[in-house]
Amino acid sequence: MINVSPKCIGCNKCVPVCPFAAIQLIDKKAVINEACTLCGACVQICPVSAIEITREEASARDLSGYKGVWVFVELMESPDDAKRPRIKPVTFELLSVGRRLADELGEELSAVLLTDKNYGFEKELGAYGADKMYLAENPELYEYNTDIFATAIIALVNKHKPAAMLYGATIMGRDLAPRVASCLYTGLTADCTALAIKDGLLLQSRPAFGGNIMADILSPNSRPQMATVRPNVMKLAEPIYGKVAMTVREDIKIDKNLRRVKVLERHLTRDKGGVKIEDAKIIVSGGRGMKTKEKFKVLEELSRLLGGVVGASRAAVDLGLKDKSHQVGQSGATVSPKLYLSFGISGAVQHIVGMKSSDVIVAVNKDPNAPIFGVAKYGVVGDAHEIAPKLIEALKKK
Ligand code: FAD
Ligand code: SF4
Ligand code: SF4
C-alpha cells in the first residue's frame, strides 16, 4: 500500500519520476492512483519523506500470480562495432540454465533488456532459449546507472510478476540485483553455483563458510526469487538458431532526476593484448608448489607454446608469483576452458569451485592424495619442476 501523508508540501518532485504516470498534483498535494506499481521511485525523491509504502507480511501474500523465469540481459561494448553493443556471454549462460528451470516449471523464459535503442537481439536471445524479450527502450538507458536501471526493472517486475529472476554476478549485476531486491523486499542469493527447481521453488545453491559447505537456499515467501550467477559457472546450451524471442515493448517513463550518480568521464583500460583468463580456452595454472617467481616462469613458456593463458592459485598470488588478475577460484575468476593444466596446486575447495567446469583437467602434484586429483581427468604424481620442462621440450620438438 502507498500513502501520501499530510507532510506533502506539493513540490511536484515526485510527479515526473513516476514511470507509470501514477501521481498527480491535486490542490497542491500529491495523489497516487491505481496505476502505481509500488516501484518506490517517488519515495526516494520526496524531500520531506511524505510518501510511505507499507508491504504486506510476506506469508500473507498471494504469490500464485508470479510466473515465469526472467534473465537480465547485460550489454557490453563490442570490439568490432563501437555503435552496436553486444550481449555479455554470461547472459547466454543464464538463459541456458533458465530454460531448464522454466521447462521444469512449465512456464516461460524471458529476457529483460534495458537499452537506449533496439539493436535487434531477439534472434540471439531466442537461440539460447528465451521465449520473450521484454524491451524497455529509452534514451536514459544509454549506459548503466543503478537508480535508473533498478527503477525500470522494479516497474517491469511489478507489472509482469515473474517467479524468478537471474542476473550475472558481474560488476553490473552485483550492483543492480541487491538494489532491486531491497526495493522489492525480496531475497537474493549471490554467486550461485547451481540452480534447480524443488517443490515449485527455485533451489539456489552456493558455497558458504569460506567454501567449506554448500548452502541450499529457498525463498518461499517472496517474489521474484532472485539469484546472481558468476560467469563461466553454468554450462552454455547449444544455440537453436531460427528460434526468435517474441519482442514485448515496454514504454517506461524514466526521469533523469532519478540519476543520483553521473558519469563525468570514462577511462577504458585495455589488456595489453592477450585473452582474459575468463575467456581462455587453455589455462596453465600454478600453485604454491611452483615455489618462486623464477620457477613459475616455466609455466609462462608452456602456456605460450600451447596458446593459453597463465592461471594461479590464491597461495601463488599471495606469494607474489603471479598477480591477482590471474587468480582462479572463489575469490578470483571462474573459468571453464577446454584444457586446464594445474601444477603444484593442492585443490582446495575454494580453487576447485573456480575451475571444475573445465572440459579436461590435468593435474601435476607430488602428493598422490592431493584433492585436485578428485576433479582431474588425467593426474600425474610427480615433480612439477621436472614435468613442465619435459612438456615444453616435447612441444618444441613437435
Ligand atoms: P597449497 O594448498 O599449499 O598446495 C600446494 C601443493 O603443491 C600441494 O598439494 C603440494 O603437494 C604441491 N607441491 C609442492 N611442491 C610440488 C612440486 N615440486 N611438484 C608438484 N607438486 C608440488 N584459493 C584459490 O586458489 N583461489 C581462490 O579464489 C581462493 N579463494 C579463497 C576464499 C576464501 C574465503 C578462503 C578462506 C580461501 C580461498 N582460497 C582460494 C585459498 C584456498 O583455501 C587454498 O589455501 C589455496 O587454494 C591453496 O593454494 P595452493 O594449492 O597453491 O597451495
Ligand atoms: Fe509511481 Fe512508483 Fe511512486 Fe507508485 S511507487 S507512485 S509507481 S513512482
Ligand atoms: Fe509531496 Fe513529496 Fe511529492 Fe513533493 S515529492 S509533491 S512533498 S509527495
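Atoms within a ligand are numbered from 1 in the order they appear, just like the ligands themselves.
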Among non-hydrogen protein atoms, atom 30 (N) of ligand 1 lies closest to S331 OG, 2.6 Å

Nearest option to atom 7 (O) of ligand 1, as decided by whichever heavy atom of G344, A370, A348 sits closest:
G344

Within the 4.0 Å heavy-atom shell around C42, which atoms of ligand 2 are there?
3 (Fe), 5 (S), 6 (S), 8 (S)

Got the closest protein heavy atom to atom 6 (S) of ligand 2, with its distance?
I23 CG1, 3.5 Å

Side chain to side chain contact (heavy atoms under 4.5 Å, CB included) partner of L258, chosen from T146, I148, N145:
I148

Tell me which part of N12 gets within contact of ligand 3: side chain, backbone, both or neither, using heavy atoms under 4.0 Å.
backbone

T37: numbered ligand 2 atoms lying under 4.0 Å from its heavy atoms:
4 (Fe), 7 (S)

Logged contact type for I2 with ligand 2, heavy-atom cut-off 4.0 Å, is side chain

Quick one: which of L319, T334, N365, V381 has a heavy atom closest to atom 11 (O) of ligand 1?
N365

Heavy-atom proximity to atom 42 (C) of ligand 1, picking from Q350, H385, H351, R314, points to Q350

With a 3.5 Å distance limit and no angle check, can you tell me whether S219 reaches the backbone of S222 through a side-chain donor-acceptor pair?
no

closest protein heavy atom to atom 5 (S) of ligand 2 is G40 N, 3.3 Å

Heavy-atom donor-acceptor pair, S358 side chain to I361 backbone, under 3.5 Å
no

Considering only heavy atoms, does I9 approach ligand 3 within less than 4.0 Å through its side chain, its backbone, both, or neither?
both

G329: numbered ligand 1 atoms lying under 4.0 Å from its heavy atoms:
26 (N), 27 (C), 28 (O)

Taking only heavy atoms of G382 into account, list the atoms of ligand 1 that are under 4.0 Å away from them.
19 (N), 20 (C)

How far is atom 26 (N) of ligand 1 from the closest protein heavy atom, and which atom is that?
V328 O, 2.8 Å

Return the orientation label for the W70 and H160 ring planes: parallel under 30°, perpendicular over 60°, tilted otherwise.
tilted

of all protein heavy atoms, closest to atom 15 (N) of ligand 1 is K291 NZ, 3.1 Å

A312 backbone acceptor or donor facing H326 side chain under 3.5 Å:
no

Which of the atoms of ligand 2 are close to C36, meaning less than 4.0 Å from one of its heavy atoms?
4 (Fe), 5 (S), 6 (S), 7 (S)

Are more than 12 heavy atoms from other residues, nucleotides or ligands located less than 6.0 Å from atom NZ of K161?
yes

Atoms of ligand 1 under 4.0 Å from any heavy atom of G287, numbered from 1 in the order shown, are 52 (O)

Counting from 1 in the order shown, the ligand 3 atoms closer than 4.0 Å to a non-hydrogen atom of I51 are 8 (S)

Atom indices of ligand 1 within 4.0 angstrom of Q327 heavy atoms, with elements
26 (N), 27 (C), 28 (O), 29 (C)

Starting from atom 53 (O) of ligand 1, locate the nearest protein heavy atom and write down its residue, its atom name and how far away it is, to 0.1 Å.
R288 CB, 3.5 Å

Short check: any N/O/S atom of C8 below 2.8 Å from atom 1 (Fe) of ligand 3?
yes

Should one rank S346, G347, S313, G289 by closest heavy-atom distance to atom 52 (O) of ligand 1, which comes out on top?
S313

Within-shell test, P47 vs ligand 3, heavy atom, strictly < 4.0 Å
yes

Using the rule side chain to side chain contact (heavy atoms under 4.5 Å, CB included), only one of L94, V71, L236, I87 pairs with Y128; which is it?
L236

A315 neighbourhood, listing ligand 1 atoms whose heavy-atom distance to it stays under 4.0 Å
48 (C), 49 (O), 50 (P), 52 (O), 53 (O)

Do me a favour and list the nearest non-hydrogen protein atom to atom 22 (C) of ligand 1 with residue, atom name and distance?
K366 CG, 3.7 Å

N/O to N/O below 3.5 Å, does that happen between G332 and ligand 1?
yes

Where's the contact between V349 and ligand 1, heavy-atom distance under 4.0 Å: side chain, backbone, both or neither?
neither

Got a protein heavy atom sitting under 4.0 Å from atom 45 (O) of ligand 1?
no

Does any N, O or S atom in C18 come within less than 2.8 Å of atom 4 (Fe) of ligand 2?
no

Under 4.0 Å to a heavy atom of V48 - the qualifying atoms of ligand 3, by number
7 (S)

Quick one: look up the protein heavy atom nearest atom 3 (Fe) of ligand 3 and list residue, atom name and how far away it is.
C14 SG, 2.3 Å

Of all the atoms in ligand 2, which lie at a distance below 4.0 Å from a heavy atom belonging to L38?
4 (Fe), 5 (S)

Does C46 bring an N, O or S atom to under 2.8 Å of atom 4 (Fe) of ligand 3?
no

Geometry only, no angles: is A384 polar-contacting ligand 1 at N/O separations under 3.5 Å?
yes

T247 OG1 to K132 NZ distance, which is reported to the nearest 0.5 Å:
11.5 Å

For ligand 2, which atoms sit closer than 4.0 Å to a heavy atom of C39?
2 (Fe), 5 (S), 7 (S), 8 (S)

Rounded to the nearest 0.5 Å, what separation is found between the CD1 atom of I154 and the CG atom of L38?
11.0 Å

Quick one: nearest non-hydrogen protein atom to atom 18 (N) of ligand 1, plus distance?
D383 OD1, 2.9 Å

So, are D359 and K235 salt-bridged, with charged N and O less than 4.0 Å apart?
yes

Salt-bridged, K243 to E122, with N to O below 4.0 Å?
no

Ionic contact status for E77 with R266, cut-off 4.0 Å:
yes

